[in-house]
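Reviewing the structure listed below.
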Amino acid sequence: MSDSDPRVHAALAATQAELARMPTEAMPGPVAARLDAAFAQLDASTAVHTGLVPASRQINMKKRRRGAPRRLPLLTAAATAFVLAVGLPELTGTAAGSGVVLDGPDPAGLAAAATTVLAARPGAGAAGERFDAATAPFQDGGAVPRCLAKAGAAREPEPTTALGGRAALFAGQPALFLVLGTRTLGRFRVVVVTPGCTAVLTEALLGQ
Amino acid sequence: MANVAAVSAPALEPRSDRDLLDAHRAGEPRAFGELVARHRDRLWALAMRIVHHPDDAADALQDALVSAYRGCDSYRGEAAVGTWLHRIVVNTCLDRLRRDRAHALTLRGLLPRQEQPDHAEHLVTRLTVQEALALLAVDQRLAVFLVDVKGYPMAEVAAILGVPVGTVKSRCARGRLRLAALLGHLRRDLL
């Protein structure tokens with residue numbers, strides 16, 4: 001064979017052209033899901049998570065579950081139904097698989113609660129679910145837009161998929177805490193609404 | 001909107017691969033998954049080119065990426081994060097291939113000896129590119145796949161495969177010639 005043979009050159013060019021036309025292979029969905037599950041399991045086994053939550057706000061869940069007494073704030077009768085079902089953690093700005101207690105629109109508190117909600121993993125009991133009983137209806141894709149529209153805070157065209165939620169007390173007032181997806185990976189919108197979606201109590205954009 | 005105290009974080013640029021890896025090292029959940037999601041199709045295609053069977057590719061890829069997840073401190077920043085991930089996948093798949101081949105050779109030794117057909121000589125119908133690639137030696141196949149199919153720069157392929165650039169070039173040259181024959185672009189008497 002001679003490298004200068006034009007027939008060889010033509011054959012190699014045709015070969016490379018054919019190689020360049022090879023279709024792109026996308027990872028099959030089940031394989032991607034399997035990888036996601038493996039990473040989620042590894043994430044869940046990580047003892048300390050940083051990132052959205054400042055170290056000072058990280059929650060020692062084991063310690064809290066063992067001994068810390070739960071605060072039982074005074075609640076209205078309407079709020080009692082959903083809050084009793086989930087309980088309330090002692091720390092503010094947290095979501096312990098029970099309710100969320102927020103003093104107000106403090107970004108650090110909202111971020112702490114959002115991170116804990118998003119870090120929830122199935123199989124860990126109530127704390128392992130991203131939605132609790134009070135916010136379970138928001139797993140329906142249309143529920144968030146309906147709720148925000150009712151509260152006069154519709155977001156278009158911002159996606160409003162709920163990634164998780166908890167019953168909450170916001171400045172002592174019964175509420176629902178929702179973590180919403182955005183168009184940007186790693187960025188979330190948190191919204192606190194009244195239980196009947198009559199008003200948005202606060203909202204924040206979190207993440208990077 | 002009544003009773004709303006909006007708190008907006010400043011608009012932030014998407015994070016780089018390096019940022020995501022650093023976030024993962026710092027313990028941020030989902031950072032590694034987000035990093036892998038950016039490369040997953042390319043890594044899948046790479047694994048499939050080495051081990052061929054989807055089940056084996058899925059197993060190898062999971063082993064590789066879990067290893068990368070746990071061994072993120074082994075990343076020294078000498079290559080791009082994507083290159084580092086590719087290299088881990090290549091090494092894991094090659095290890096699996098060697099293990100499987102050793103097992104197959106052991107089994108073959110127990111069976112009556114058979115003549116192995118030369119696929120190139122017995123080619124009746126024209127092969128698809130995928131079929132032809134599969135007939136190349138794995139080192140040539142990887143070089144050709146990464147350079148000619150995926151369009152990676154030679155230097156990056158060299159970093160992924162852990163060989164000098166000159167070795168990548170020679171593997172590509174030999175692989176292309178054989179492919180040209182397998183694909184019917186080159187007559188055998190010109191080889």
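Proteins come first, then strands; the chains are lettered A, B, ... in the order of their sequence lines, and each starts at number 1. What's counted below: heavy atoms across the whole structure, side chains too, no hydrogens, waters or symmetry copies.
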State, yes or no, whether a side-chain contact exists between [X] and [Y] at a heavy-atom distance under 4.5 Å.
X       : Y       : value
F145(B) : C172(B) : no
L180(A) : V190(A) : no
Y152(B) : R42(B)  : yes

Please classify the contact between [X] and chain A as side chain, backbone, both or neither, with a heavy-atom cut-off of under 4.5 Å.
X      : value
L43(B) : neither
R49(B) : side chain
V36(B) : side chain

Worksheet item: By a 4.5 Å heavy-atom criterion (distance strictly below it), what part of A32(A) contacts chain B: side chain, backbone, both, or neither?
Response: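 For A32(A), backbone and side chain are both near chain B.
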
Worksheet item: Can you say whether the rings of F39(A) and Y69(B) are parallel (under 30°), tilted (30 to 60°) or perpendicular (over 60°)?
Response: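 Ring orientation, 0 to 90° scale: parallel.
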
Discussion item. Rounded at 0.5 Å granularity, tell me how far CG in D148(B) sits from CG in L179(B).
Written reply: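 Here the interatomic distance stands at 8.5 Å.
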
Discussion item. Between D59(B), V147(B), L20(B), who has the most heavy-atom pairs with chain A when the cutoff is under 4.5 Å?
Written reply: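 Top option by heavy-atom pairs under 4.5 Å: D59(B).
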
